[in-house]
Amino acid sequence: MSQRISPNALQALTDALATIVWYKSDLRAYLTTASGEASLVASLDWTYKRRAADEFVQRLAAAQDSHRDVLLSLMLDVAALDDFPKLRNVDDEADKVAEARAAVAELRKYIKPYEREMLDREKARERIAEAKSEAAQSQNFANRLAALKGRYEELAIMDDAQARGRSLEPLLRDLFALFDLDPKAAFTLTGEQIDGSFTLGETHFLLEAKWTAHQTERKEIDPFKIKVTSRIENTLGLFVSINGFQPTAVEFHSGAGAQVLLMNGNDLYVVLDGRIDLVDLLKRKYRHASQTGKVLFEATQML
C-alpha cells in the first residue's frame, strides 16, 4: 500500500488552493474541474474561501484510499502553476501574486516523493486502457468473423447454385478485408473476368472462386493460371473451390514454377470458425508450395 500523504503536504496544498485565486467562485470552479468531485465541492462550507479549501482537502485526506489519485493530481497540478490569471486586476495584485508564488513554492517541497508514484499510476492506467481497447477490438473482430461465418453457413444451404456462387465473392472480399489483405472486387479486363485480388506482403494475388457441385477439374484451373502468368513476376493466384479439387488437377498444377495456390471449403471454414488466422494459413500455403512444389496445403495440417 502507498505511504499516506503527509500532513505537511496536505497543509501546503490547502494554503496554495486558498491563494492561487481570489474569488470563491473561481476556487469552486477550479476544484470542480481539477478534481472531478462536483458533488463534494458543492457540499463544502463556502462562507470563507480558506475554510472551503481546508474542508475539501481534509475530506479527501480522510479517504485517501479512494481519493489518492485526486489528491496527487491536484498537488502536482497546483505545484506546476507559474501564472495566476485569477489574481489579475484585484486590489494589491502584486502582493497576492507573491503570496501565491510562495505558497506554491512551499507545496513543491513536498511533491517529490509523489511524482514517481503518480507517473507509475498514469502508466498503469494507460496499460489498463490499452488492454481494454485491445480486448474491445478483439471482440469486435470476433463478432465480425462470426457474422461472416453465419453468412457462409446460410450460403451452404441455398438451393440456387448461381446465387450462391455470386454471393461467395463478396463474402471472400469481406473476409480478406477483415484480415487487412487489401482486397479488390471483381473486375473485367479485355477478354477476361477476374473474381478479385488481394495483397499479402509484397505479393499480389489474383483470386478465383467457385462453388460448384463437383470438385474443380484441371481444365477449370488452366484459364486462371494463364491470367496469372500474364501478370508481372510477383503475382500469384489463389483458386478457392468450396468442394475441393480433383487429385489430377492438384498434381498437374504442382511442381516447379507453380503459380496458383489452392484453397478448399474446409480451409475457408476453419478460418471463419476462428481456429486459424487467414494470413497465417496463406503464408503456410505459400511456403509449402515454395518448398515442395505442392499447391494444396490444407488447414487441417496446422491444427
Side-chain angles (χ1 to χ4, degrees), residues 144-179 181-189 191-200 204-228 235-254 258-282 284-286 288-289 294-303:
R144 291 172 62 189
L145 188 62
L148 290 173
K149 177 184 174 183
R151 283 169 57 184
Y152 179 80
E153 291 173 340
E154 289 176 1
L155 294 182
I157 59 175
M158 287 179 62
D159 294 328
D160 189 335
Q162 287 188 334
R164 182 177 60 197
R166 288 193 301 269
S167 298
L168 177 61
E169 291 175 20
L171 186 149
L172 289 174
R173 185 170 65 250
D174 291 346
L175 176 64
F176 281 53
L178 182 60
F179 284 88
L181 290 170
D182 191 26
K184 303 296 188 296
F187 53 92
T188 301
L189 299 175
E192 64 181 15
Q193 168 72 31
I194 305 294
D195 286 349
S197 64
F198 64 94
T199 302
L200 178 65
H204 184 69
F205 279 82
L206 299 184
L207 176 67
E208 181 88 1
K210 288 188 179 295
W211 197 332
T212 58
H214 63 273
Q215 289 184 323
T216 295
E217 303 173 15
R218 167 197 159 181
K219 63 181 181 181
E220 295 175 275
I221 303 177
D222 288 346
F224 180 59
K225 183 176 181 179
I226 293 173
K227 296 176 187 178
V228 174
T235 301
L236 296 176
L238 179 69
F239 198 113
V240 180
S241 175
I242 301 303
N243 281 322
F245 304 87
Q246 289 188 355
T248 53
V250 176
E251 187 65 28
F252 182 83
H253 285 282
S254 295
Q259 290 182 278
V260 176
L261 305 182
L262 307 181
M263 174 181 281
N264 58 35
N266 187 58
D267 292 338
L268 183 59
Y269 191 81
V270 167
V271 170
L272 290 168
D273 199 39
R275 285 179 280 168
I276 289 180
D277 183 284
L278 175 60
V279 173
D280 290 343
L281 176 59
L282 292 174
R284 283 293 299 273
K285 285 179 177 289
Y286 179 80
H288 184 76
K294 302 293 184 181
V295 294
L296 179 61
F297 175 89
E298 299 192 58
T300 52
Q301 295 173 253
M302 294 177 64
L303 296 176

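Worth knowing before you read on, the calculation uses all heavy atoms, side chains too, and leaves out hydrogens, waters and symmetry mates.
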Only counting residues at least two apart or in another chain, list the ones meeting side chain to side chain contact (heavy atoms under 4.5 Å, CB included) with [X].
X      : value
Ser254 : Val250, Lys294, Val295
Ala177 : Pro183
Arg218 : Asp222, Ala249, Phe252, His253
Gln215 : Gln246, Pro247

Report the distance from atom [atom1] of [X] to atom [atom2] of [Y], rounding to the nearest 0.5 Å.
X      : Y      : atom1 : atom2 : answer
Leu178 : Leu272 : CG    : CG    : 9.5 Å
Phe224 : Thr216 : CZ    : OG1   : 11.5 Å
Ile276 : Leu282 : CD1   : CG    : 11.0 Å
Leu168 : Arg166 : CG    : CZ    : 12.0 Å
Phe297 : Met263 : CZ    : CE    : 11.5 Å
Leu171 : Leu148 : CG    : CG    : 5.5 Å

List for me each residue that meets salt bridge (Lys or Arg N to Asp or Glu O under 4.0 Å) alongside [X], sequence neighbours excluded, and say none if there are none.
X      : value
Arg164 : none
Glu217 : Lys219
Glu153 : none

Side chain to side chain donor-acceptor pair (under 3.5 Å) involving Gln259 - partner list, sequence neighbours excluded =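 Residues passing side chain to side chain donor-acceptor pair (under 3.5 Å) with Gln259: none at all.
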
Side chain to side chain donor-acceptor pair (under 3.5 Å) partners for Asp182, two or more places apart =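 If we apply the side chain to side chain donor-acceptor pair (under 3.5 Å) test to Asp182, skipping adjacent residues, the hits are Lys184.
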
Got [X] and [Y] here, is their nearest side-chain heavy-atom distance under 4.5 Å?
X      : Y      : answer
Arg151 : Asp174 : yes
Glu208 : Lys227 : yes
Phe239 : Lys225 : no
Leu206 : Ser197 : yes
Leu262 : Ile221 : yes

key: Chi angles and distances behind the side-chain contact (heavy atoms from CB on, under 4.5 Å) call for Val271, Phe179   = CA-CA 11 Å; Val271 170; Phe179 284 88; 4.1 Å; yes

request  = Not counting sequence neighbours, list each pair that qualifies as a salt bridge (charged side-chain N to carboxylate O under 4.0 Å, His left out) and has a residue in residues 267-280.
outcome  =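 Output for this query lists Lys149-Asp273, Asp267-Lys285, Asp273-Arg275.
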
Do you know which two heavy atoms are closest between [X] and [Y], and how far apart they sit?
X      : Y      : answer
Gly274 : Leu145 : CA-CD2, 3.8 Å
Tyr152 : Leu268 : CE1-CD2, 3.6 Å
Leu175 : Leu278 : CG-CD2, 4.1 Å

key: Within 6.0 Å of CD in Gln162, more than 12 heavy atoms from elsewhere   = no

ask   = Of all residues at least two apart in sequence or in a different chain, which pass the ring-ring contact (aromatic ring centres under 6.0 Å, His included) check with Phe176?
value = Phe198

inquiry  = Between Asn266 and Glu298, do the side chains contain a donor N or O and an acceptor N or O under 3.5 Å apart?
reply    =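 Their side chains do not contain a donor-acceptor pair, so the 3.5 Å distance test is not met.
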
message = Is there a side-chain contact (heavy atoms from CB on, under 4.5 Å) between Leu236 and Tyr286? Walk through the geometry before answering.
response = CA-CA 10 Å; Leu236 296 176; Tyr286 179 80; 3.2 Å; yes

